[in-house]
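Reviewing the structure listed below.
Quick caveat: nothing in here was measured; it's all calculated off a predicted structure. Letters go in sequence order (proteins before strands), and every chain restarts at 1.
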There are 2 protein chains.
Amino acid sequence: MNQKNNIINKLRGSGLRPTKQRILIAKKLFDKNKTFHFTVETLNKKINKNGSEKISLATIYNTVEAFTNAGYLKEILTSKNKSYYDTNIKSHHHFYDEGTKELTDINYNQVKLSKVPNPPKGKKIKNLEVVIRLQN
Amino acid sequence: MNQKNNIINKLRGSGLRPTKQRILIAKKLFDKNKTFHFTVETLNKKINKNGSEKISLATIYNTVEAFTNAGYLKEILTSKNKSYYDTNIKSHHHFYDEGTKELTDINYNQVKLSKVPNPPKGKKIKNLEVVIRLQN
DNA sequence: TATCTACTTTATAATTATTCTAAACTATAA
DNA sequence: TTATAGTTTAGAATAATTATAAAGTAGATA
Ligand SMILES: [Mn+2]
Ligand SMILES: [Mn+2]
Ligand SMILES: [Zn+2]
Ligand SMILES: [Zn+2]
């Protein structure tokens with residue numbers, strides 16, 4: 001029951017009510033010992049396949065957005081049609097395989113930038129992301 | 001009339017018939033002395049606003065896809081909902097302003113990567129793109 | 001504990017970008 | 001000139017996402 005309380009506290013800490021649905025989704029997302037990438041589609045399957053609990057697709061969209069705003073998830077923009085999300089919220093880079101449409105993490109220190117341009121005046125850098133597209 | 005012949009040859013060279021529509025679109029895209037970024041929406045407006053010629057939206061989609069496959073355009077994946085295209089087909093990087101949703105080129109030599117990971121075995125690197133997201 | 005209220009979930013409709021379809025048109029090879 | 005494969009087009013279809021609004025619920029307060 002400790003994991004559940006952790007989740008409840010995490011949610012409360014972000015002003016999100018710990019509803020049954022959010023707790024369940026948080027378990028699927030954060031109770032692994034490995035981070036991973038997903039789309040709303042794959043998350044929806046993971047949640048709604050084993051016949052057990054059903055969470056509406058709208059709630060899954062709402063929750064993923066809420067978790068992203070709360071900083072629990074990062075959105076990864078690599079694909080034309082679909083949004084990808086990442087449970088790894090540390091700054092890091094990606095391989096994107098255009099064949100399998102799979103994202104793979106590149107550790108932050110696997111890429112070294114020895115020169116980076118200054119942002120236009122009045123703007124600041126929010127993040128810097130390297131995407132390496134792969135082909136066979 | 002030389003520009004037009006250039007376009008016609010370019011199209012023929014890629015196995016694309018030089019139709020009225022493709023020539024007109026190619027003029028709008030490649031007859032500038034500066035490269036730029038666009039979406040199908042903005043290109044459609046540029047073409048179909050001055051009341052003159054009308055090209056159907058389907059043709060604009062078809063043509064942009066054909067030009068991308070032919071290597072005349074690069075697709076830039078930075079935005080959740082919309083595809084961006086670039087008339088600058090040289091390898092380069094981008095600022096993406098999340099407020100204005102505008103892309104700005106970063107010259108290739110403005111970024112220096114002193115360390116880059118090896119691709120997973122069996123795959124090779126198709127390209128490496130740095131996107132720097134800006135905020136105010 | 002009972003009540004209230006703002007927040008949340010949900011089914012479903014709406015929206016947006018894009019792709020598909022199939023009929024009319026056209027570039028060009030023969 | 002004719003035949004044909006490629007192209008354009010209006011409109012339908014699809015896919016992802018967002019909006020709507022009614023029903024449900026967490027948590028504050030009496
Ligand atoms: Mn889309
Ligand atoms: Mn979309
Ligand atoms: Zn990642
Ligand atoms: Zn560019």
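- When the nucleotides D:dT7, C:dT9, D:dA16 are ranked by their closest atom to the side chain of B:R22, D:dT7 comes out on top.
- Taking atom CG of residue B:N62 and atom C1' of nucleotide C:dT19, one finds them 9 Å apart after rounding to whole Å.
- For the pair B:N69 CG and D:dT7 C1', the interatomic distance rounds to 16 Å; values are reported in whole Å.
- Close to C:dT10, at under 4.0 Å from its OP1 or OP2, lies a side-chain N or O of A:T59.
- Scored by the side-chain contact (heavy atoms from CB on, under 4.5 Å) test, A:I23 finds A:K4, A:I7, A:I8, A:L11, A:P18, A:K27 as partners (sequence neighbours excluded).
- The C1' atoms of five pairs define one axis at each end of the helix from C:dT1-D:dA30 to C:dA30-D:dT1, and these two axes lie 20° apart (to 10°).
- Atom-to-atom, CZ of B:F38 to P of C:dA17 comes out at 16 Å; the value is rounded to the nearest Å.
- Straight-line distance from the CD1 atom of A:I23 to the C1' atom of C:dT9: 14 Å, rounded to whole Å.
- Looking at residues two or more places apart in sequence or on another chain, you find a side-chain contact (heavy atoms from CB on, under 4.5 Å) between B:A58 and B:S56.
- Comparing A:Q21 and B:L57 by the nucleotide of DNA chain C whose heavy atom lies nearest to each, the residue mapping closer to the 5' end is A:Q21.
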Show the atom names and distances, to 0.1 Å, of all donor-acceptor pairs under 3.5 Å that link a side chain in residues 84-91 of chain A to residues at least two apart or in another chain.
| from | atom 1 | to | atom 2 | distance (Å) |
| --- | --- | --- | --- | --- |
| A:Y84 | OH | A:K101 | O | 3.2 |
| A:Y85 | OH | B:K80 | NZ | 3.4 |
| A:D86 | OD1 | A:N88 | N | 2.8 |
| A:D86 | OD2 | A:H37 | NE2 | 3.0 |
| A:D86 | OD2 | A:H92 | NE2 | 2.9 |
| A:D86 | OD2 | A:H94 | NE2 | 3.0 |
| A:T87 | OG1 | A:F36 | N | 2.8 |
| A:T87 | OG1 | A:F36 | O | 3.3 |
| A:N88 | OD1 | A:K90 | N | 3.0 |
| A:N88 | ND2 | A:H92 | ND1 | 3.4 |
| A:N88 | ND2 | A:D105 | OD2 | 2.9 |

Side chains of residues 118-129 of chain B: which donor-acceptor partners sit under 3.5 Å, not counting sequence neighbours?
| from | atom 1 | to | atom 2 | distance (Å) |
| --- | --- | --- | --- | --- |
| B:K123 | NZ | A:D97 | OD2 | 2.8 |
| B:K123 | NZ | A:N136 | OD1 | 3.4 |
| B:K126 | NZ | A:E98 | OE1 | 2.6 |

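- Each of C:dT10, D:dT17, D:dT9 was ranked by its minimum atom distance to the side chain of B:I55; first place goes to D:dT9.
- For residues 110-136 of chain A, the set of pairs meeting the ring pair (Phe, Tyr, Trp, His ring centres under 6.0 Å) definition, not counting sequence neighbours, is empty.
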Completion exercise
Protein-proximity profile, nucleotides 21-30 of chain C, B/S/- by nucleotide at the 4.0 Å heavy-atom cutoff, equals ------BS--

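- Scored by the side-chain contact (heavy atoms from CB on, under 4.5 Å) test, B:E65 finds B:N69 as partners (sequence neighbours excluded).
- Rounded to whole angstrom, the span from the CD1 atom of B:I60 across to the P atom of D:dT9 amounts to 9 Å.
- Of the two residues near DNA chain C, B:S83 and A:G15, the one whose nearest nucleotide lies more 5' is A:G15.
- Screening residues 11-24 of chain B for salt bridge (Lys or Arg N to Asp or Glu O under 4.0 Å), with sequence neighbours left out, gives no hits.
- Nearest to the side chain of B:Y61, among D:dT18, C:dT19, C:dT9, sits C:dT19.
- Residues B:L16 and B:A66 come closest through the heavy atom pair CD2-CB, 4.1 Å.
- With rounding to whole Å, A:I25 atom CD1 is found 13 Å from C:dT8 atom P.
- Between B:N48 atom CG and D:dT9 atom P the separation is 9 Å, expressed in whole Å.
- Between B:P117 and A:F95, the closest heavy-atom pair is CG-CZ, 3.9 Å.
- Rounding to whole angstrom units, NZ of residue A:K82 and P of D:dA15 are separated by 10 Å.
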